[in-house]
Amino acid sequence: MSELHIYNSYTREKEKFVPSVPGHVGLYVCGPTVSGESHLGHARPYITFDVVYRYLTHLGYKVRYVRNITDAGHFEEEGREAVDKVAEKAHLERLEPMELVQKYTNLFHWGMRLFNNAEPNIEPTATGHVIEQIQMIQDIIDKGYAYEVNGSVYFDVKKYADKYPYGKLSGRKIDELLETTRDLDGQDEKRNKVDFALWKKAPPEHIMRWTSPWGEGFPGWHIECSAMSSKYLGEVFDIHGGGMDLQFPHHESEIAQSTIAHGCAPVRYWMHNNMITINGKKMGKSYNNVIKITELFSGNHPMLEQAYHPMVIRFYILQTHYRSTLDFSNEALQASEKAFRRLWEAYEVLQKLTAPLNNTAADKELDEKVNRFCNECADFMNDDFNTAKVLANLFELAPIINGIKGGQIKQDALSAATYQLMLDTFKTYLVDILGMQPLQVQQDGKIDKVLSLLAEIRKDAKARKDYATSDLIRNKLAEAGVMLKDEKDGSVSWTIE
RNA sequence: GGUCACGUGGCCGAGUGGCUAGGCAGAGGUCUGCAAAACCUCGUACAGCGGUUCGAAUCCGCUCGUGACCUCCA
């Protein structure tokens, strides 16, 4: 049995995973900024790290999963910005930050539920942790690595870099970063361009503001993650995840802040998922090429040929290793939809198969193959969460399962134990770890009764060779989104769109 | 400009030296009143050029191409 290895972005190597506290894992993932709707690109880290969370739990770790909500900062809502921020407006007409935050937080949660992402154990908000952030900033000032200018506080990166390996995570060299300073002369209050804000003074029109030792303002972008992760996971915790684009400057800054405040680097394993691209370009706000999650689910977007079920998106994401880029296209999503449908149906067939009672397999070679397919899944997950390979192996089982049902493979080809192993593998990997759910809505049984009746009438018609009637039933049901299938044994099954 | 990735069959995508994933699409076949599904068979691909090696998609070098980060960004 293999052991879990994780690719650590910090060392750029796969490392054996050993938690700092035996049996426990602290997992922190950068959450959404709730000033707008999440798009497909955002879905990737949340699904990726959901699987990480599920897998660690499966391995028996007690995981504390923390994912923040960034609800503080410089907030604008499309079409409601600038003007709304003017304080003279009547109160109810004004953009109320918490209203905005509430709206998009709810929408985010809605999306996460549909993706079947497990809820984090703690979902701290930045606005709820301003005190912790202020304390941390003060601590950094006291230690001489931050300075205050006109009500804002900046981190002294240059001083930090003299003593610590600033830029290691993102592969940046401090000297080069300092050099680029030249093209931006007159660079306001910072001592060096590389310095970043820990606290920003709030201009009069800024609506989100808190009192601090340095006047009214709001926390800088990076400090919230450091303050909240250390509060809930400790000064050193195991895994920090997020998108690759956050490596610099966000995560680099986190390391610097925490190193000064706590005297040690905060994270043991850094994990970064790659981007989703569209026509080869990163999907992102600045490229104006995003497809929002609501649009994906509804199909309401010029680039979408159809709506896509959340499980199809999830499957599509998990069919690729998380560190590879993943290109969006209707073709790819449609392929995923078909593929997932086939895989899930094989799983359902498997559950209905009558397992043999024999303890020995008639087809030893096949039996061994199936065992290998099943047992390899653990190795694949242990190899830096290779969900793509896990799915490939499950697909290998599909023709075997269908073959048994269809009679191409004899019932006793596999041993009873192997049947059970297949069942366990699907349940454990597809359902529990990859978090997949059926596309079909669970029916309450009434529909099934109606369909049974129709199937029976059709069966009678067929027996009388009244194909006009039997085809009418099938065609009309197809129009309604119900596919009837005549099985080999004379029974009829159906799937509902 | 600097730094770093990547370039796999029609499409999507695994793969860190030999055992040549997987999915979708396509072709042929079996089954079937028809249909759908399912099953069987079929593709020897790794940007180009050199090099290392008994042997490279996989290691090294160069060339070309694409992208990411350097500013808010999952």
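These numbers come from a predicted model, not from an experiment. So that the names make sense, note that chain A is the first sequence line, chain B the second, and so on, each numbered from 1.
As judged by a 4.0 angstrom heavy-atom cut-off over every strand, Ala398(A) is placed among residues touching the sugar-phosphate backbone only. Residue Gly284(A) is classed as having no contact, given no heavy-atom separation below 4.0 Å to the nucleic acid. Among the atoms of the strands shown, base atoms are found under 4.0 Å from some heavy atom of Ile276(A). As judged by a 4.0 angstrom heavy-atom cut-off over every strand, Glu345(A) is placed among residues making no nucleic acid contact. If you check every strand for non-hydrogen atoms under 4.0 Å, Asn273(A) touches a base. Among the protein residues, Gly406(A) comes within range of no part of the nucleic acid, since none of its heavy atoms lies under 4.0 Å from any strand. Nucleic acid contact class of Tyr287(A) (heavy atoms, under 4.0 Å, all strands): sugar-phosphate only. Here Met283(A) lies in heavy-atom contact (under 4.0 Å) with a base.
Inspection of the Asn393(A) and Arg372(A) side chains reveals no N or O donor paired with an N or O acceptor under 3.5 Å. Side-chain atoms of Asn68(A) and Glu224(A) form a donor-acceptor pair, as typed in the model, at a separation below 3.5 Å. No side-chain donor-acceptor contact under 3.5 Å links Ser452(A) and Glu456(A). Using modelled atom types and a 3.5 Å distance limit, the side chains of Tyr269(A) and Glu15(A) yield no donor-acceptor pair. Side chains of Asp71(A) and Tyr104(A): a donor-acceptor N/O pair is absent below 3.5 angstrom, by distance only. At a cut-off of 3.5 Å, with distance as the only test, no side-chain donor of Thr387(A) or Gln319(A) sits close to an acceptor on the other residue. For the residue pair Glu123(A) and His109(A), a side-chain donor N or O sits within less than 3.5 Å of a side-chain acceptor on the partner. Donor-acceptor pairing under 3.5 Å is lacking for the side chains of His222(A) and His251(A). Side-chain polar atoms of Asp367(A) and Thr418(A) form a donor-acceptor pair below 3.5 angstrom.
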Sugar-phosphate or base contact per nucleotide [nucleotides 6-12 of chain B; S, B, -; heavy atom under 4.0 Å]: -----S-

Footprint string (nucleotides 30-36 of chain B, 5' to 3'): B base within contact, S backbone only, - free, heavy atoms under 4.0 Å: -S-BBBB

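Nearest nucleotide to the side chain of Ala339(A), out of C24(B), C69(B), U16(B): C24(B). Among the nucleotides C70(B), G67(B), A74(B), the one closest to the side chain of His42(A) is A74(B). Comparing atom distances between the Tyr46(A) side chain and each of A74(B), C39(B), G67(B) picks out A74(B) as nearest.
Rounded to an integer number of Å, the gap from Ile278(A) CD1 to A68(B) P is 13 Å. Residue Asp379(A) contributes atom CG, which lies 19 Å from atom P of A14(B) at whole-angstrom precision. Counting to the nearest Å, the P atom of G13(B) and the CG atom of Asn393(A) are 20 Å from each other. Between the P atom of A68(B) and the CG atom of Leu246(A) lies a distance of 16 Å, rounded to the nearest Å. Distance, Asp384(A) CG to A14(B) P: 12 Å, rounded to whole Å. Put simply, CG on Asp195(A) is 16 Å from C1' on U71(B), counting in whole angstrom units. Rounded to a whole Å, the CD atom of Glu252(A) is 21 Å from the P atom of A68(B). Protein atom CZ of Arg44(A) is 14 Å distant from nucleotide atom P of A74(B), rounded to whole Å.
Across the P atoms, A21(B) and C42(B) are found 13 Å apart, a figure rounded to whole Å. G9(B) and C49(B) have their P atoms separated by 16 Å, with the value rounded to a whole Å. Nucleotides G29(B) and G15(B) place their P atoms 37 Å apart, quoted to the nearest Å. To the nearest whole angstrom, the two C1' atoms, one in C34(B) and one in U41(B), are 25 Å apart. Separating the P atom of U3(B) from that of U71(B) is a span of 16 Å, rounded to the nearest Å. Using atom C1' as the reference point in both G48(B) and C6(B), the two lie 16 Å apart (nearest Å). Only the P atoms considered, A14(B) is 9 Å distant from G7(B), to the nearest whole Å. Using P as the reference atom, A57(B) and U8(B) are 15 Å apart when rounded to the nearest Å.
RNA chain B is contacted by both Leu40(A) and His321(A); His321(A) maps to the nucleotide lying nearer its 5′ end (nearest heavy atom per residue). The residue among Ala388(A) and Gln334(A) whose nearest nucleotide of RNA chain B is located toward the 5' end is Ala388(A).
Residues satisfying the salt bridge (Lys or Arg N to Asp or Glu O under 4.0 Å) test with Lys173(A), not counting sequence neighbours, are none. Residues meeting the side chain to side chain contact (heavy atoms under 4.5 Å, CB included) test with Thr325(A), sequence neighbours left out: Asn274(A), Thr277(A).
Taking 4.0 angstrom as the limit, Arg342(A) places a side-chain polar atom (N or O) nearer than this to OP1 or OP2 of G23(B). Lys405(A) has no side-chain polar atom (N or O) that falls below the 4.0 Å cut-off from OP1 or OP2 of C39(B). The phosphate of G67(B) has neither OP1 nor OP2 within less than 4.0 Å of any side-chain N or O from Lys282(A). Between A37(B) and Thr495(A), no contact under 4.0 Å exists linking OP1 or OP2 to a side-chain N or O.
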With pairs defined as Watson-Crick or G-U wobble and both distances under 3.5 angstrom, please note down RNA chain B as a dot-bracket string, | for pairing with another strand. (((((((..(((.....[...))).(((((.......)))))....(((((..]....))))))))))))....

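Residues from residues 109-122 of chain A that place a heavy atom under 4.0 Å from any atom of RNA chain B: there are none.
To the nearest 0.5 angstrom, Glu345(A) atom CD is 10.0 Å from Leu343(A) atom CG. Expressed to the nearest 0.5 Å, how far OH of Tyr28(A) lies from CG of Asp238(A) amounts to 15.5 Å. The structure places CZ of Arg323(A) at 8.5 Å from CE of Met271(A), a figure rounded to the nearest 0.5 Å.
Relative ring orientation between Phe395(A) and Phe315(A) is described as perpendicular, the plane-to-plane angle rising above 60° on a 0-90° scale split at 30° and 60°.
Atom CD of Gln408(A) has more than 12 neighbouring heavy atoms from other residues, nucleotides or ligands inside a 6.0 Å radius. Residue-environment remark: CD (Gln306(A)) exceeds the threshold of 12 foreign heavy atoms within 6.0 Å.
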